[in-house]
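Since the structure comes first, as structure tokens, the remarks are kept for the end.
Index from 1, following the sequence. We count ligands from 1, going down the list as the structure has it; atoms in each ligand are counted the same way.
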Amino acid sequence: MQSKDHIFAAPIAQLGDFCFDQNVAEVFPDMIKRSVPGYSNIISAIGMMTTRFAQPHSQLYDLGCSLGAATQEMRRNLTQTGCAIIAVDNSAAMLERATSHLATFKSEVPVTLTEADICDIEIENASVVVLNFTLQFIAPDKREALLQKIYQGLNPGGVLILSEKFISADDTVNELLIDLYHDFKRANGYSELEVSQKRTALENVLRPDTPEHHKERLARVGFSHVDMWFQCFNFGSMVAIKQATTE
Ligand SMILES: C[S@@+](CC[C@H](N)C(=O)[O-])C[C@H]1O[C@@H](n2cnc3c(N)ncnc32)[C@H](O)[C@@H]1O
Ligand SMILES: O=C(O)C(=O)C[C@]1(C(=O)O)C=C[C@@H](O)C=C1
């Protein structure tokens with residue numbers, strides 16, 4: 001039975017910055033399902049792209065894995081031999097639950113769960129790298145170096161799947177998408193107070209970029225083929241492909 005997200009349901013006098021602590025980890029499946037439009041579609045597509053892009057005897061990375069939803073979907077859809085998945089998160093509470101969650105599924109694919117800052121880990125012999133609503137929580141001045149490391153650690157023909165909350169470069173559209181997003185949250189049972197308090201708590205920790213900024217930065221670090229494959233309101237997912245040597 002999944003616990004319901006009521007974290008911001010009551011007035012919080014000293015509202016601090018949002019963090020992925022025990023309270024969040026306990027309700028995370030409900031929180032992310034009711035807070036990210038298209039989340040389940042994105043997770044399914046990560047599985048489909050794993051089937052296409054995973055290379056034999058390579059590594060796949062889930063960076064900011066939370067409870068391992070993307071890791072499990074990659075594992076379920078891996079048809080190549082000799083692959084291993086490395087799932088990284090800097091929240092001990094998330095990893096603790098990821099360990100028990102992933103253990104409930106049978107699989108021959110080895111998964112290494114690592115508690116670390118994704119800015120500090122090595123990426124090597126990678127065919128698939130997933131940043132599923134994680135980069136937005138990385139300090140903006142650290143994002144390019146992280147993406148550069150990912151690009152360099154990817155094998156030719158490898159893919160980065162980057163899902164994010166976005167801002168629109170057009171103020172009018174940005175306001176519309178934020179309003180539609182809040183309508184989405186209300187339709188999913190969140191109160192005005194929950195929407196408002198969560199928005200305040202996220203202000204200093206979730207720093208979204210425009211799709212254009214993402215595309216420019218991904219091209220700058222070396223990706224040859226970049227575009228959005230999914231968007232719903234101010235949330236979406238991009239693919240960035242490292243040129244295969246035969247091209
Ligand atoms: C919105 S959740 C990601 C959702 C998850 N990828 C999924 O698909 O269900 C963001 C995650 O990134 C993790 N995170 C944030 N900053 C991090 C960092 N610097 N290093 C590692 N993990 C980080 C958080 O602990 C949290 O679990
Ligand atoms: O922007 C918001 O209001 C959100 O709730 C988004 C968001 C996210 O994109 O990661 C923030 C925290 C949780 O991880 C779930 C969803």
Measure from the side-chain N and O atoms of [X] to the backbone N and O of [Y], and report whether any donor-acceptor pair falls under 3.5 Å.
| X | Y | answer |
| --- | --- | --- |
| Arg217 | Glu144 | no |
| Glu115 | Ser91 | no |
| Tyr181 | Ser35 | yes |
| Gln72 | Ala69 | no |
| Arg34 | Asn188 | yes |

Under 4.0 Å from a heavy atom of [X]: which atoms of ligand 2 are those, numbered in the order shown and with their elements?
| X | answer |
| --- | --- |
| Phe28 | 14 (O) |
| Phe235 | 6 (C), 9 (O) |
| Phe137 | 10 (O) |

**Prompt:** Any chance the rings of Tyr151 and Phe223 have centres within less than 6.0 Å?
**Reply:** yes
**Item:** Selection residues 196-208 - residue pairs positive for side chain to side chain donor-acceptor pair (under 3.5 Å), sequence neighbours left out
**Value:** Asp17-Asn204
Protein contact to [atom] [nearest heavy atom, distance to 0.1 Å]:
| atom | result |
| --- | --- |
| atom 1 (O) of ligand 2 | Lys165 NZ, 2.6 Å |
| atom 14 (O) of ligand 2 | Phe20 CE2, 3.4 Å |
| atom 4 (C) of ligand 2 | Tyr181 OH, 3.2 Å |

Ligand 1 N/O to protein N/O, distances under 3.5 Å:
residue, atom, partner, partner atom, Å
ligand 1, 6 (N), Gly64, O, 2.7
ligand 1, 6 (N), Asn132, O, 2.8
ligand 1, 8 (O), Tyr39, OH, 3.4
ligand 1, 8 (O), Asn132, ND2, 2.8
ligand 1, 9 (O), Tyr39, OH, 2.5
ligand 1, 19 (N), Asp117, OD1, 3.1
ligand 1, 20 (N), Ile118, N, 3.0
ligand 1, 22 (N), Asn90, N, 3.2
ligand 1, 22 (N), Asn90, OD1, 3.3
ligand 1, 25 (O), Asp89, OD1, 2.6
ligand 1, 25 (O), Asn90, OD1, 3.4
ligand 1, 27 (O), Ser66, OG, 2.8
ligand 1, 27 (O), Asp89, OD1, 3.4
ligand 1, 27 (O), Asp89, OD2, 2.6

**Prompt:** Should one rank Arg34, Met31, Gln136, Glu164 by closest heavy-atom distance to atom 10 (O) of ligand 2, which comes out on top?
**Reply:**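 Considering heavy atoms of Arg34, Met31, Gln136, Glu164, the nearest to atom 10 (O) of ligand 2 sits in Gln136.
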**Request:** Identify which of Lys33, Lys198, Lys185 has a heavy atom lying nearest to atom 3 (O) of ligand 2.
**Result:**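 Comparing heavy atoms across Lys33, Lys198, Lys185, the nearest one to atom 3 (O) of ligand 2 lies in Lys185.
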**Item:** Whether Phe137 and Phe18 hold their rings parallel, tilted or perpendicular, with breakpoints at 30° and 60°
**Value:**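 Because their plane-to-plane angle is under 30°, the rings of Phe137 and Phe18 count as parallel.
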**Request:** Tell me, with the steps shown, if Ser127 and Gln55 meet side-chain hydrogen bond (donor to acceptor under 3.5 Å, both in side chains).
**Result:** CA-CA 6 Å; Ser127 56; Gln55 298 165 1; 5.0 Å; no
**Prompt:** Where does Val24 meet ligand 2, judged by heavy-atom distances below 4.0 Å: at the side chain, the backbone, both, or neither?
**Reply:** neither
**Prompt:** Does the distance from a Lys or Arg side-chain N to an Asp or Glu carboxylate O, for Asp30 and Lys33, drop under 4.0 Å?
**Reply:** no
